[in-house]
Amino acid sequence: MSGARGGVPFLDLAPVAGVAGTVTLPGSKSISNRTLLLAALAEGGTEVRGLLESDDTARMLEALAALGIRVERVGDARDYRVAGAGGRVPASSADLFLGNAGTAFRPLVAVLALAGGTYRLAGVARMHERPIGDLVDALRPLGADIRYLGAEGFPPLEIRPFRDTGAASVSVRGNVSSQFLTALLMALPLLRRPIAVEVAGELISKPYVEITLNLMERFGVAVRREGWSRFVVPADARYRSPGVIHVEGDASSASYFLAAGAVGGGPVRVAGVGRASIQGDVRFVEVLERMGARVTLGDDWIETRGRPPLRALDADLNHIPDAAMTAAVLALFADGPSTIRNVASWRVKETDRLAAMAAELRKVGAAVEEGADSLRIAPPAGGLTPGAAIDTYDDHRMAMCFSLVCLAGVPVRINDPGCVAKTFPGYFDALRSIVRG
């Protein structure tokens with residue numbers, strides 16, 4: 001591998017003959033930002049250990065500071081101490097810039113909508129293209145006063161003081177982003193009364209909601225779930241600090257190294273996530289097994305081995321939308337066409353990932369059919385096109401999953417490699433550490 005990172009326009013990855021080794025994963029983005037916000041709302045102080053250091057968590061830490069929450073770093077480790085505000089927001093007004101961090105933006109909208117102050121929330125241009133209308137529509141019947149400062153249904157937003165209507169239930173659509181339901185569930189204990197959330201339509205990305213429920217319970221709020229269509233926040237809901245909470249390694253980031261082990265010989269082990277994980281993306285190992293890789297799991301580690309050709313895949317991957325991108329690149333190493341189904345949520349992520357994946361897979365020689373919520377990927381019979389320049393669309397996962405192309409024995413160029421700082425600033429160094437030969 002050659003090239004630099006940090007503001008450079010591209011990174012050239014040389015052909016890789018094999019991989020083996022161990023990667024210690026950074027903390028989970030989903031767990032990190034949820035934990036920071038819950039700790040801020042809790043009674044008592046919380047020590048958060050192993051927090052992810054990335055652009056997304058930096059935006060949440062900045063927002064909490066602007067809202068009057070005291071957060072202190074503990075030593076030189078990735079550990080922080082959060083002084084909980086006991087279910088209130090100390091600052092009655094604030095202007096927040098949240099970049100493209102959906103895991104910060106959506107829950108903060110819901111919490112601040114019920115906080116009683118005046119707040120403005122904005123982000124990068126792409127965040128202003130990501131829909132938020134379903135969340136706003138769910139909050140307004142509760143008494144939230146939320147106004148669009150740009151296009152209707154999209155950020156930036158202005159939130160004005162809340163006037164509780166006493167509503168006993170709210171409804172939110174479930175088929176655009178599970179972050180809307182997550183945001184509601186995390187905010188509703190601030191009302192200090194029982195309230196139900198009805199999910200209209202099919203709920204996508206259910207494992208991410210499971211992360212939310214698990215963490216809320218660790219902070220003392222047990223939400224009653226009735227299937228995937230109704231959630232009840234109890235009357236006595238109050239967040240209480242668990243004292244210390246450890247952030248798991250990021251299962252989505254694990255997918256790139258597990259995939260590398262599946263096509264680069266291995267063994268490759270990821271440390272920090274395993275069979276005991278609360279993250280849905282750990283189920284990416286099922287995809288690897290279906291495609292013919294050998295997988296071994298411990299409580300907090302996973303190991304893979306394998307060589308191409310992998311078996312072609314036809315799978316509904318709605319439950320693991322982030323890791324599904326890795327599966328789409330693995331289709332390049334398969335023995336026939338693969339189909340990734342039910343991933344319409346890709347269109348409202350950091351970029352339109354369905355269109356972006358289709359465009360970049362074609363650059364390396366694949367024949368791709370893009371559906372409304374699916375991709376059919378046929379690997380090229382004569383091998384991947386060498387030297388393709390992959391555009392990353394300011395999307396960290398585009399850069400990371402397409403880095404795997406070099407394992408096909410061809411060079412590949414990753415444009416704007418610094419975009420991985422959103423969740424994994426040291427990604428390319430970690431990938432280099434397992435290269436053999």
Side-chain angles (χ1 to χ4, degrees), residues 32-48 51 57 59-72 80-98 101 103-121 135-136 138-147 157-168 170 179-180 182-195 197 212-213 215-223 231-245:
S32 291
N33 271 349
R34 284 167 172 81
T35 297
L36 285 174
L37 185 54
L38 293 175
L41 296 174
E43 298 172 0
T46 303
E47 188 169 327
V48 182
L51 188 79
T57 50
R59 300 294 82 74
M60 178 64 91
L61 288 166
E62 291 166 359
L64 294 180
L67 294 169
I69 303 296
R70 186 160 49 87
V71 182
E72 300 173 335
Y80 290 79
R81 187 175 294 113
V82 183
R88 63 185 186 88
V89 175
S92 60
S93 64
D95 286 349
L96 306 180
F97 175 78
L98 297 163
T103 56
F105 201 107
R106 276 73 177 267
L108 281 168
V109 166
V111 166
L112 296 178
L114 307 184
T118 301
Y119 310 96
R120 289 181 177 232
L121 296 89
L135 176 58
V136 172
L139 288 163
R140 282 174 169 165
L142 296 170
D145 185 351
I146 305 174
R147 307 181 185 199
L157 303 176
E158 181 179 65
I159 296 172
R160 298 188 180 185
F162 170 70
R163 293 178 175 81
D164 194 346
T165 63
V170 293
Q179 287 180 0
F180 300 153
T182 278
L184 276 174
L185 292 173
M186 291 177 69
L188 289 176
L190 274 61
L191 296 179
R192 300 289 173 89
R193 58 182 172 80
I195 189 162
V197 182
T212 303
L213 297 175
L215 292 173
M216 288 177 67
E217 187 163 6
R218 293 181 69 179
F219 279 88
V221 175
V223 176
F231 300 79
V232 181
V233 176
D236 60 349
R238 288 163 51 196
Y239 290 123
R240 299 175 179 86
S241 171
V244 176
I245 190 164

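Atom set for the values below is all heavy atoms of this structure, side chains included, hydrogens, waters and symmetry mates excluded. Keep in mind that what you see is a predicted model, and the values were worked out from it rather than measured.
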### Query
Going by atom types only, do R34 and T212 share a side-chain donor-acceptor pair under 3.5 Å?
yes
### Message
If you define the side chain from C-beta out and look only at heavy atoms, does anything of L51 sit under 4.5 Å from L61?
### Response
yes
### Task
Give a yes or no on whether a salt bridge exists between R238 and D236, defined as a side-chain N under 4.0 angstrom from a carboxylate O.
no
### Message
For the backbone of G45 and the side chain of S241, can you confirm whether one donor and one acceptor N or O come within less than 3.5 Å of each other?
### Response
yes
Identify all side-chain donor-acceptor contacts of residues 105-116 below 3.5 Å with residues at least two apart in sequence or on another chain.
unit_1	atom_1	unit_2	atom_2	d
R106	NH1	Q179	OE1	2.4
R106	NH2	P131	O	3.2

### Message
Using side-chain heavy atoms (C-beta onward) and a distance below 4.5 Å, is L38 in contact with I245?
### Response
no
### Query
Rounded to the nearest 0.5 Å, how far apart are CD of E62 and CG of L96?
10.0 Å
#### Entry: Validation row: D95, Y119 side chains within 4.5 angstrom (heavy atoms)
no
### Query
Between R120 and E158, is there a salt bridge with N-O shorter than 4.0 Å?
yes
### Task
Output the distance between atom CD (E217) and atom CG (L215), rounded to the nearest 0.5 Å.
10.5 Å
### Message
Could you work out, with side-chain contact (heavy atoms from CB on, under 4.5 Å) as the rule, every residue matching P161, not counting sequence neighbours?
### Response
T118
### Query
So do the side chains of V232 and V223 get within less than 4.5 Å of each other, counting heavy atoms only?
no
### Any side-chain heavy-atom pair of I195 and L142 under 4.5 Å
yes
### Task
Return yes when atom CZ of R192 has more than 12 non-hydrogen atoms of other residues, nucleotides or ligands closer than 6.0 Å, and no otherwise.
yes
### Message
Treating Y239 as the side-chain partner and L190 as the backbone partner, does any N or O pair qualify as donor plus acceptor under 3.5 Å?
### Response
no
### Query
Which heavy atom in P189 sits nearest to a heavy atom in V233, and how many Å separate them?
CG-CG1, 4.1 Å
### Query
Going by an N to O cut-off under 4.0 Å, is there a salt bridge joining R193 and D164?
yes
### Heavy-atom side-chain proximity of L139 to F162 below 4.5 angstrom
no
### Query
Once you round to the nearest 0.5 Å, how far does CG of L41 lie from CZ of R88?
11.0 Å
### Message
Do T46 and Y80 have side chains that approach each other closer than 4.5 Å (heavy atoms only, starting at C-beta)?
### Response
no
### Query
Sub-3.5 Å donor-acceptor pair from the side chain of T165 to the main-chain atoms of P141, do we have one?
yes
### Under 3.5 Å: donor-acceptor pair, side chain of R140, backbone of I146
yes
#### Entry: CD1 on I69 to CG on L64, rounded to 0.5 Å
6.0 Å
### Task
With the side chain counted from C-beta on, respond yes when V221 and F219 share a heavy-atom pair under 4.5 Å apart, and no when they do not.
no
### Heavy atoms from other residues, nucleotides or ligands near CD of E43 exceed 12 (cutoff 6.0 Å)
yes
### Summary
Nearest heavy-atom approach of A94 to A66 is CB-O, 4.0 Å
